[in-house]
Q: 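First, the structure itself, so that you have it in front of you.
Residue numbers start from 1 in every chain, and the chains themselves are labelled A, B, ... in the order their sequence lines are given, proteins ahead of strands. Nothing here was measured: the structure is a model prediction, and the numbers come from that model.
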Amino acid sequence: MAARDSQFPKLDVREATKVYHTRSGDLLAIDRCSLAVEEGEIVSIVGPSGSGKTTLLWSMSGLHHLTSGEIALDGQRVDGPHPDISMVFQDANLLPWRTIVANIRFPFEIKGAKPDTAWIDQLMHRVGLEGFGQRMPRELSGGMQQRVALVRALSFKPSVLLMDEPFGALDAFTREEMNHLIEEIYLDTRTTIVLVTHSIDEAIFLSDRIVVMSARPGRIANIHRVPFERPRSLEIMGTKEVFDLTHTIKSEIVGDQISKARNRKNAANLSKAS
Amino acid sequence: MASSDAIPDFKQSPDGGGEVGVANMSGLAAGPGIKSAREVAIIALVAVLVIGGAELLLLAFGVPQYVLPRPSEIAWALVTDFHLIAPHLGHTLVELISGFTIGATVGLILAAVITQFPFAEKIITPYILLLVTTPMLALVPLLILRFGFGYEPRIIAVALASGPMVMINATTGFRRVDSAKIALARSYGASTLQIFWKIRAPMALPMIFVGLMVGSIFGLLTAVGAEMVGGGFGLGNRLTSYSSMIQMPQFFAVVLILSFLGILIYMIFFLLAKRYASWEA
Ligand SMILES: Nc1ncnc2c1ncn2[C@@H]1O[C@H](COP(=O)(O)OP(=O)(O)OP(=O)(O)O)[C@@H](O)[C@H]1O
Ligand SMILES: [Mg+2]
């Protein structure tokens, strides 16, 4: 375990605010979100659809320019894509005209670096994809494609891994498998991970902390600590502690939506009455 | 900066938006796939029946040669007169290949450049549509006045006919932006040029092949048409000359060569597309 040698958090989100300028007007997607992700931590972001999870994650990756606020990596301001930050996108996002190997080498090609073949082979072995290098993406199942995406994201040893609903399109079993895989790789590399997910189970199984966002505007509503030791077994998922935590987070997400809907209804009634 | 704010969650059809109707001929690229020996046998049998049937019918009804020659007469003319036709085939190929190369190159470059600038695209597209829909043959008499009866007017006409076809299809291809794939490249720090060569160009490739195929066929039509308008050489010139001399077997021999040329062009681009852009199928 790397000793913390810095007074800075690994990834520091300070008052991040993003306004989208659209044809139908401005939209405040995230509003003054602050979050300090520590080195070697796994943080999940959950929240209702449209609460700005993707926006927040893309801002962390440097793919978005914030309207105000800033993101810092090891205390250094992030302006644009950073070589130490890697992103796993929703549905694998492989390039269909390239073989699996060529897909995994893509980041190196862009960076003009020599691929670290030993490390890539090790990762391929770890995710059970040896011998699939020369296949085309369409020949692989969804789960396998997502594992390729994971290998691609880790191939250049980033110190931060950002994942946007990486397993959203997978069935429950494959998803569980992927969660174990992530934990295993994490225990090996201690990569700092930020994960957007719709699954509270997944968030609890993987994370040290869970960030709950509320919608319109997207704000950080609450942050929960998940106290279990790693490696975590599936048994913990049946404990009362997990049950309570799940319930709390669920009601925070659903409650937020219900109260917003109620407010809209009240407002509508008021305007009707006047 | 619309592109930098794009989000992969937006369910974008991989075909992209706003395809130009006339340009979308991807059906051509699908091509026929011949599967078994049995299919080949049936196809051959039908061909024999059609050709043999035509032969017999023409014989039975005593259709004179100057109206419609029998297949055997056409085949014989092809054998005996090929050495007379071959130089003209060469001329047509020169016009087609040089005109198409010029047109396709300019078309591809223009497509690549204007799709980087949406506003330029809006300005230029109507003119390209005009070029696509106007038969370039109409300009040939004018070109002949200016350039004489040599290769030049024909090469220009071929370039003008094939270039816009290539361009409009390539534009459709380059417009197929998949924001998630572009974001992927950007997340590794890709430059605009890298995004073009590593994402946009490969994504456009299937449509580029369709454009090259349609463009070259249009080029062939235009080359032959231009040869019929004026000048003493080329397969089109042979058509007018043989028909005016009522040498119908030779006339149809030339038609046969032209069909063969068309099919050859189709096959070349079909195979190229299969080799380099089959990932889409
Ligand atoms: N490129 C964009 N242009 C304009 N508005 C956008 C853009 N991207 C997102 N939005 C809007 O910003 C808000 C937050 O979107 P975002 O995608 O970050 O939410 P999310 O929490 O990831 O939602 P989901 O769970 O559905 O993925 C939404 O209201 C969305 O419509
Ligand atoms: Mg999202």
Q: Rounded to the nearest 0.5 Å, what separation is found between the CG atom of Leu63(A) and the OG atom of Ser179(B)?
A: 11.0 Å
Q: After noting the C-alpha distance and the side-chain angles of Trp97(A) and Leu205(B), does the key distance pass the side-chain contact (heavy atoms from CB on, under 4.5 Å) rule?
A: CA-CA 10 Å; Trp97(A) 56 86; Leu205(B) 210 54; over 6 Å; no
Q: Which residues from residues 192-199 of chain B are near chain A, with near meaning under 4.5 Å between non-hydrogen atoms?
A: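 Expected list: Gln194(B), Lys198(B), Ile199(B).
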Q: Closest heavy-atom contact between Lys181(B) and Leu95(A)?
A: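 Closest pair (atom of Lys181(B), atom of Leu95(A), distance): CD-CD2, 3.7 Å.
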Q: Do other residues, nucleotides or ligands put more than 12 heavy atoms under 6.0 Å from the CD atom of Gln116(B)?
A: yes
Q: Can you list every pair that meets salt bridge (Lys or Arg N to Asp or Glu O under 4.0 Å) and has a residue in residues 98-126 of chain B, with sequence neighbours left out?
A: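 Every salt bridge (Lys or Arg N to Asp or Glu O under 4.0 Å) pair that includes a residue of residues 98-126 of chain B, provided the two are not neighbours, is Glu121(B)-Arg175(B).
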Q: Are there residues of residues 101-118 of chain A whose heavy atoms fall under 4.5 Å of chain B's heavy atoms? If so, which?
A: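 The list, in residue order, reads Phe106(A), Pro107(A), Glu109(A), Ile110(A), Lys111(A).
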Q: Between Tyr188(B) and Arg152(A), is the side-chain contact (heavy atoms from CB on, under 4.5 Å) condition met? List the steps.
A: CA-CA 11 Å; Tyr188(B) 303 132; Arg152(A) 176 175 63 186; 3.4 Å; yes
Q: Name all pairs fulfilling the salt bridge (Lys or Arg N to Asp or Glu O under 4.0 Å) condition that reach into residues 51-62 of chain A, sequence neighbours left out, sorted by first residue then second.
A: none
Q: So do Pro96(A) and Met203(B) actually touch side chain to side chain, heavy atoms under 4.5 Å?
A: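 Heavy-atom side-chain distance check fails, nothing below 4.5 Å.
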Q: Quick check for you: to the nearest 0.5 Å, what is the distance between Trp58(A) atom CH2 and Arg186(B) atom CZ?
A: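 Here the interatomic distance stands at 7.5 Å.
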Q: Closest approach of Gly189(B) and Pro81(A), non-hydrogen atoms and distance?
A: N-CB, 4.2 Å
